[in-house]
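We're numbering straight along the sequence, starting at 1.
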Amino acid sequence: ALHQMQEMVRERSRDWPTDPLARSSSMGDIGELKLSHDVVLRLSLDQGPVTLPLLLREGTYNYYNGEQWMAMDAELLDVPEDTNFPHAWDLLDQTGPALAPESRITVYLTFTRRSGLLALPLGTTRIEGLPVGSLQRSTMGQVKAESTPGLAAYQAWFDSMAPWDAPPVRADIFIPEDDRAAVAQAALEAGLGDMAYTGAVAEADPALAQLQANVIRAYFAREFTYSLARDSRPESGQTSVLAHFLTHSRAGYCEHFATASVMLLRHVGIPARYVTGYAAHEYDPGRDLVLVRGNHGHAWVLYWDGERWRELDPTPPVWVASESAEAPLWQSLADFRSRAVFFFAKLRWLEQGKTIKTVLTWLLPPLILFLAFRLITRGKFRFTRRSKARQGDAPLPGADSPLFRVEEVLARRIGPRPQCRPLSGWILEHGGASLTRAAELHNRHRFDPQGLPPSDRKELHRLVDQWLARDQRSSRSAPGN
């Protein structure tokens, strides 16, 4: 039965859309996002019991093929706008008893495109103050907006104890065959028992499910280390990413801990899903806002306790202090610039009735001084946080990837890549689908603890050289050249 399920998933995945905005998440996506300390959104804790860190979900996935998570059996539904309340959206059908969640936050989110996923707490039932053309929700938990403004300030009403995600499906209990031995060994070591994986859902027992989730969290906190670096790959070169993490390196970041936890839960018969988004924890008392940065990108787990989906964050809590300590020296200047950009965005999109001239009277002089300082010291501060943090140490894993040559070519043509955009996604958007395989190999070279074997490195160099050659021929044949 397990073999039949694996073949079914492989067959169905061939026709799935490859849009990472809603349907897939590759290992390494969050690792690239964590290289940025830029503020990506802001929160206001408005009402009700809201504690930090607050997990803000963007995507949920249930099928793992060894390198990539995908959303299987996720149905996309239109969300109707409230006819009595402009820009308000009810994510649940109001056919049953009305829900009255007590918690509310305001999310200030900048949209870089005309559509995007919303960052929302688990159990969000209603969104207010969101002026978009349309809204869709997935039965796996994603919420996508179309025809978005440049900046939105929407209110999310939620009750994390009452999520509306669809019940488990077969993919929620599946473990890849290559990982089953390593997962079984880890389950025994964690204290989950010596049992074989059957692919069957265990009898519903919410208390037992919560106990096993706590055992897994304690196991990783006790026996594993949080790290964005990778160690040397195994000599055999045959171990999967997950098996290498569980049995060899025992060090990784949130993607590794979340993926491993999903598989351990499934091993004992508990359906589980992989979740991506942000962990909001940085409170700014001067402005009474919670700042969410790129390096706050996070992965965690949803598990089914027999009655509802519950959240589990298995990554050791030390990750917050570890990444905060690596903030660049000029972070305060970058935050000042971010606040200024946010201020003007609010004037344009949220507070158009204010007199801009009055605001410019006090804001323009410091902006001019800041821009002058940036121009004068531009060369001095061009190095990145990664090079600063690793001066005198070993080179950054994957720093020799030839895909950076493609980035240089595209940057000369369309401008530099935004710091908050992962390289692979930016390359595919502007360099074309022919670089899909190269982007996949680049992500493995950067974030896979095993690295790339020589044959794959040669393939990566070959694919990049071919693209550069085609691009050069295209440039020469263009009119005016």
Side-chain angles (χ1 to χ4, degrees), residues 30 32-45 52-54 56 58 105-113 116-119 129 148-154 277-298 320-321 323-352 354 356 359-389 411 415-423 425-426:
I30 295 179
E32 287 201 9
L33 186 62
K34 283 183 173 291
L35 299 178
S36 169
H37 285 255
D38 291 345
V39 177
V40 294
L41 56 90
R42 293 166 171 84
L43 305 180
S44 172
L45 309 182
L52 299 181
L54 177 64
L56 301 174
E58 284 191 339
I105 61 172
T106 296
V107 182
Y108 296 89
L109 177 61
T110 300
F111 292 97
T112 58
R113 291 184 286 186
L117 293 177
L118 302 186
T148 59
L151 173 68
Y154 57 88
Y278 295 94
H281 57 78
E282 182 182 340
Y283 178 65
D284 182 357
R287 292 163 182 81
D288 195 24
L289 292 174
V290 178
L291 305 182
V292 181
R293 303 179 185 273
N295 64 315
H296 297 167
H298 202 44
V320 174
E323 295 190 7
S324 298
E326 293 193 7
L329 297 175
W330 58 92
Q331 187 62 58
S332 59
L333 293 177
D335 286 347
F336 175 82
R337 174 184 175 275
S338 176
R339 287 194 297 269
V341 172
F342 175 63
F343 181 83
F344 281 107
K346 286 179 64 179
L347 288 179
R348 177 182 178 185
W349 297 103
L350 306 178
E351 302 171 358
Q352 299 179 8
K354 281 193 173 182
I356 297 181
V359 177
L360 290 178
T361 301
W362 63 269
L363 188 59
L364 193 55
L367 276 178
I368 293 176
L369 291 176
F370 172 73
L371 292 175
F373 174 80
R374 290 278 296 185
L375 289 173
I376 294 172
T377 60
R378 184 174 182 181
K380 180 179 179 180
F381 289 101
R382 184 167 289 177
F383 58 89
T384 64
R385 174 189 66 78
R386 291 175 294 169
S387 61
K388 181 66 178 178
R417 171 172 61 95
Q419 291 185 2
C420 61
R421 281 297 302 279
L423 174 63
W426 186 79

Residue pair Phe373 / Leu333, side-chain heavy-atom distance below 4.5 Å: yes
Counting C-beta onward and ignoring hydrogens, is there a side-chain heavy-atom pair between Leu289 and Tyr283 closer than 4.5 Å? no
For the residue pair Arg293 and His37, what are the closest heavy atoms and their distance? NH1-O, 3.0 Å
Counting C-beta onward and ignoring hydrogens, is there a side-chain heavy-atom pair between Arg42 and Arg287 closer than 4.5 Å? no
Looking at every non-hydrogen atom in both residues, tell me the closest pair between Lys346 and Leu151 and how far apart they are. N-CD2, 3.7 Å
Only counting residues at least two apart or in another chain, list the ones meeting salt bridge (Lys or Arg N to Asp or Glu O under 4.0 Å) with Arg337. none
In Å and rounded to the nearest 0.5 Å, what is the OH to CG distance from Tyr108 to Leu291? 12.5 Å
With distance as the sole test, does Thr148 use its side chain to make a donor-acceptor pair with the main-chain N or O of Arg113 at under 3.5 Å? yes
Evaluate the side-chain proximity of Leu52 to Val290: yes if any heavy-atom separation is below 4.5 Å, no if none is. yes
With Ala119 via side-chain contact (heavy atoms from CB on, under 4.5 Å) - residues at least two apart: Leu41, Leu56, Glu58, Tyr154
Rounded to the nearest 0.5 Å, what's the gap from CG on Leu43 to CG on Asp288? Could you check? 11.5 Å
Minimum-distance pair of heavy atoms, taken over all atoms of Ala411 and Trp426: N-CH2, 4.0 Å
Non-hydrogen atoms of Leu117 and Leu109 that approach each other most closely: O-CD2, 4.0 Å
Pro53 and His281: which non-hydrogen atoms are nearest, and at how many Å? CB-CB, 3.9 Å
